[in-house]
Every structure is written in structure tokens, then in C-alpha cells.
Amino acid sequence: MDAQQRPTRQQLHTLLAFYAEAGLDFAIEAEPDNRFEAAKSAVAEKPVQQVAPQQRMAQTPPPPPMQSAQPTGVIPDAGTVALAEATALAAQDLDQLAAAVAAFDGCNLKRSARATVFEGGRRGADMMLVFGAPSRDDDASAEAFAGPDGILLRRMLAAIGLAVPSDVYAGFCVPWMVPGGGQPTDLHLKICAPFLARQIALARPKMVVALGNTASRQLLATRRPIHVVRGQWSTLDAGGAQIPLVSLFEPSFLRDQPRFKRETWSDLRAISERLGRK
């Protein structure tokens, strides 16, 4: 390197100041240090320990045991239905049946619902209303006849001289709200059917009114829609007792489809006549 290529004192000072500001605290050598080569040498010098196959297997931790799937109750088997039947038949009165339903864990709807809404109104009333499942408002309040649907139903019954809760009794095909406010599945209905049948048999009403598609199909054992069967009278066998049964549009449907209130008024008048309230 000739004199013209050598850095000046000022250039060296500037370069050292840059190193200091950058936090470099190692010496700058004329030849670069190949640290990759040093790493290779260190690996080559380290002795490799030979492990026998038996010892290698002993040192390897066993895989964790597979977790078995926990039962969720979403798809109960025939045993669950049989348990519901036995539980319902064991109840000797409505108090025992209400307690048994509240303690029953065979239906997965209970896990998502806030409350078990077993009944509503007054026990011993001449007319028993059967809903498909509790509404959102029923579930939130743990009582039947809650919310806008309950208000409309009260007005409908008041039009024929019936007061809620004193003049009616209520039950549910499924005593737990369906997530999203939907309708219970056939499996839900099958599991809970023994509870409703026993409830009607113990309540012994003079008349049963099925509100909406779900309750109508369940009590009539038919797939015909409510538009076809509403207003038609039949007989329900409840523990040996023959009870008049009729289907009616449910309040939630009438709030969405008010044009069907005329048919409902006709059905209500027929109910009033059957009850001797002309």
C-alpha cells in the first residue's frame, strides 16, 4: 500500500469513532477471522458418544397416552330414552316430576339453556297449553308466558275470558330452550316425550291445546303441518284418560304472520264453547 492509499490520521479517527458508536469492542485484525471454520473444528473435536439401541429406547420418553373422547350427550343412545321413561313413571305427582326433569342430564339442550322451564300457569286448570320449547324470554326469566309472545297469548286468551296464569296450565315438549331459539330435533322430542306424557297424565286437564308445529306433531304423532291440523279436534290418551286435543297457531307465528289471526279467533271461539264459556 503506497502513501496515497494509506488512511490519514483524521480518517482513522473518524473510523474508530464510528466503531465506538456502533458498540464494537473487539480488535480489528488485518486478516478476517473465519468463525464458521472455528465452529466446524469445535464440532470435529467433540467426541461422539455411541448409544446402544436398548439404552436409546430407554432414554426416549414414551408418547403421551391418547385421550379418549368424552361423552357429550349430543346423541344419546336408546338407554337414555329408557332412563327418561323410567324416571317419568317413577314420579307420583307433579312436584316429583318437576324435580326429576330438573335433575335429568340425558338431553344436551340442558347444557346450553339457562333454566329448566317445566311448567307454567296454575296446576288443576281445565285447559293445558303445550309449547314446543321455551322461548328466549322464558329461558331468561325461568318462567312460561314471558316476553312479547307471552303478552300476545294473554290477550288471545283474555278474548275468550281466560286469564293467565289462573285459568290455564302449561307444559313443554322439551323443557329447555333450543340454542338460537330454534325448534327441538326429533331426538330431543323422543328423549323428553315421557316427561310430557307423564305431566299431562298427572295434571288431568279437561282439554289440551297444542301450540305450533312442534307441539302439534308431537301430540298428534303426525308430520302434517299446523296449517292443516289447526282447529281439528281429536282425543289424546293420557295415562288412560281420554282428553280432547286441538292445535292452535303459536303466538310467535301470529306476530310474524298477523293475517292468520282470523283463523285463530275462530279456533279460540271453538275452545271457549268446549269449556262452556260461550
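When reading the values below, keep in mind they use all heavy atoms of this one structure, side chains included, and skip hydrogens, waters and symmetry mates.
Residue L202 comes nearest to A91 through the heavy atom pair CD1-O, 4.2 Å, listed as atom of the first residue, atom of the second, then distance.
Crowding of R155 atom CZ: a count of heavy atoms from other residues, nucleotides or ligands under 6.0 Å not exceeding 12. Heavy atoms from other residues, nucleotides or ligands lying under 6.0 Å from CZ of R255 number more than 12. Counted within 6.0 Å of CZ on R269, heavy atoms from surrounding residues, nucleotides or ligands total 12 or fewer; the atom is thus considered open.
Considering only heavy atoms from C-beta on, V101 stays 4.5 Å or farther from T87 through its side chain. Considering only heavy atoms from C-beta on, Y169 comes within 4.5 Å of Q199 through its side chain.
The aromatic rings of W176 and F104 lie parallel to each other, their planes meeting at an angle below 30°, with 60° marking the opposite boundary.
Side-chain N/O atoms of N213 and H227 include no donor and acceptor closer than 3.5 Å.
A single hydrophobic cluster is seen to contain both W265 and F249, as judged by linkage of ILVMFWY side chains at heavy-atom distances under 4.5 Å, directly or through other members. The hydrophobic clustering, which links ILVMFWY residues whose side-chain heavy atoms are closer than 4.5 Å, places L153 and L219 together. Connection of F145 to I151 is not established within any shared hydrophobic cluster, with ILVMFWY side chains joined at heavy-atom distances below 4.5 Å, either directly or through further cluster members.
We find that D186 and R217 are not joined by a salt bridge, their nearest charged nitrogen and carboxylate oxygen being 4.0 Å or further apart.
Atom CG in D237 sits 12.0 Å away from atom CG in L245 (nearest 0.5 Å).
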Exercise. Given L129 and L157, is the side chain to side chain contact (heavy atoms under 4.5 Å, CB included) satisfied, shown in steps?
Worked result: CA-CA 11 Å; L129 303 172; L157 296 176; 4.0 Å; yes
Exercise. Where do M156 and D267 land on the side chain to side chain contact (heavy atoms under 4.5 Å, CB included) test, with the steps shown first?
Worked result: CA-CA 11 Å; M156 291 165 54; D267 296 339; over 6 Å; no
Exercise. Step by step, would you call F260 with R230 a side chain to side chain contact (heavy atoms under 4.5 Å, CB included)?
Worked result: CA-CA 11 Å; F260 289 100; R230 55 141 284 270; over 6 Å; no
Problem set entry | Verdict with reasoning, V208 to V130, per side chain to side chain contact (heavy atoms under 4.5 Å, CB included) | CA-CA 7 Å; V208 174; V130 176; 3.9 Å; yes
